[in-house]
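Reckoned from all heavy atoms, side chains included, excluding hydrogens, waters and symmetry mates.
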Amino acid sequence: MNISTEMAAVGFGLVASLSWGTSDFSGGIAAKRAHIFAVMVFSYGIGLTLLIVLALARGEAAASLADILWSAAGGVSGGIGLTAQYRALSLGRMGITAPISAILSAMIPVVFAAITEGL
């Protein structure tokens with residue numbers, strides 16, 4: 001069976017939405033039951049472990065210092081944002097927090113790209 005590129009994009013988009021929604025919900029529930037710092041360390045630890053395993057399995061080259069510093073800055077800012085989101089989710093405002101964070105996480109890069117690269 002031959003799947004078109006457009007249909008594959010739709011499928012991947014649906015799977016991504018499902019995984020993001022599931023992680024928002026489970027992160028909010030976990031933050032209600034445990035300290036937010038513990039939830040963040042656990043989730044970031046799993047992500048880091050998976051990325052290291054995948055990089056080693058693919059035989060990726062070591063990153064340059066500049067790449068590591070940019071990645072660290074992105075990880076810290078992402079961690080701050082995710083901590084704030086989990087805190088809001090743990091307060092029981094899932095119906096407000098999840099859609100706003102989803103819109104902003106999509107809108108900010110698009111607006112930045114439109115400003116820096118043009119429409």
Side-chain angles (χ1 to χ4, degrees):
M1 181 162 112
N2 189 6
I3 298 176
S4 70
T5 305
E6 292 85 10
M7 289 306 294
V10 169
F12 286 135
L14 290 172
V15 170
S17 329
L18 180 64
S19 67
W20 278 104
T22 302
S23 68
D24 282 350
F25 181 78
S26 60
I29 295 296
K32 274 186 179 181
R33 296 183 178 161
H35 193 273
I36 292 174
F37 183 72
V39 173
M40 293 301 298
V41 167
F42 182 73
S43 63
Y44 265 58
I46 289 174
L48 178 62
T49 302
L50 288 173
L51 287 175
I52 289 171
V53 168
L54 287 173
L56 291 173
R58 289 182 43 93
E60 296 289 332
S64 69
L65 180 60
D67 291 338
I68 291 171
L69 292 176
W70 277 111
S71 299
V76 168
S77 63
I80 291 168
L82 199 56
T83 301
Q85 180 183 10
Y86 282 172
R87 175 72 176 136
L89 290 170
S90 72
L91 295 174
R93 312 252 190 279
M94 289 184 186
I96 297 171
T97 304
I100 290 174
S101 65
I103 289 169
L104 287 177
S105 65
M107 185 178 71
I108 290 171
V110 169
V111 169
F112 180 80
I115 292 169
T116 58
E117 298 178 18
L119 296 175

Starting at [atom1] of [X], measure out to [atom2] of [Y] and round the result to the nearest 0.5 Å.
X	Y	atom1	atom2	answer
T49	L54	OG1	CG	11.0 Å
L48	I46	CG	CD1	11.0 Å
I80	Q85	CD1	CD	14.0 Å
E60	L51	CD	CG	10.5 Å
L65	W70	CG	CH2	12.5 Å

**Request:** Taking the side chain as every heavy atom from C-beta outward, state whether R87 and T83 have any pair of such atoms under 4.5 Å apart.
**Result:**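 Of all side-chain heavy-atom pairs linking T83 with R87, none is under 4.5 Å.
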**Message:** Hydrophobic cluster membership, with links at side-chain heavy-atom distances under 4.5 Å among I/L/V/M/F/W/Y: are M107 and I115 in one?
**Reply:**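 As far as the 4.5 Å side-chain criterion goes, I115 and M107 are connected within one cluster.
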**Request:** Tell me whether V111 is reachable from L104 by hopping between hydrophobic residues (I, L, V, M, F, W, Y) whose side-chain heavy atoms are closer than 4.5 Å.
**Result:**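 Same cluster: L104 reaches V111 through Ile, Leu, Val, Met, Phe, Trp or Tyr contacts under 4.5 Å.
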**Asked** Hey, is CZ on F42 packed in by over 12 heavy atoms from elsewhere, all under 6.0 Å?
**Response**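 No, the 6.0 Å shell around CZ holds no more than 12 heavy atoms from other groups.
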**Item:** Heavy-atom closest contact (A34 atom, V39 atom, distance)
**Value:**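 Looking at all heavy atoms of both residues, the shortest contact is CB-CG2, 4.2 Å.
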**Message:** Testing the basics here: between D67 and S71, what is the closest heavy-atom pair and its distance to 0.1 Å?
**Reply:**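 Closest pair (atom of D67, atom of S71, distance): O-OG, 2.7 Å.
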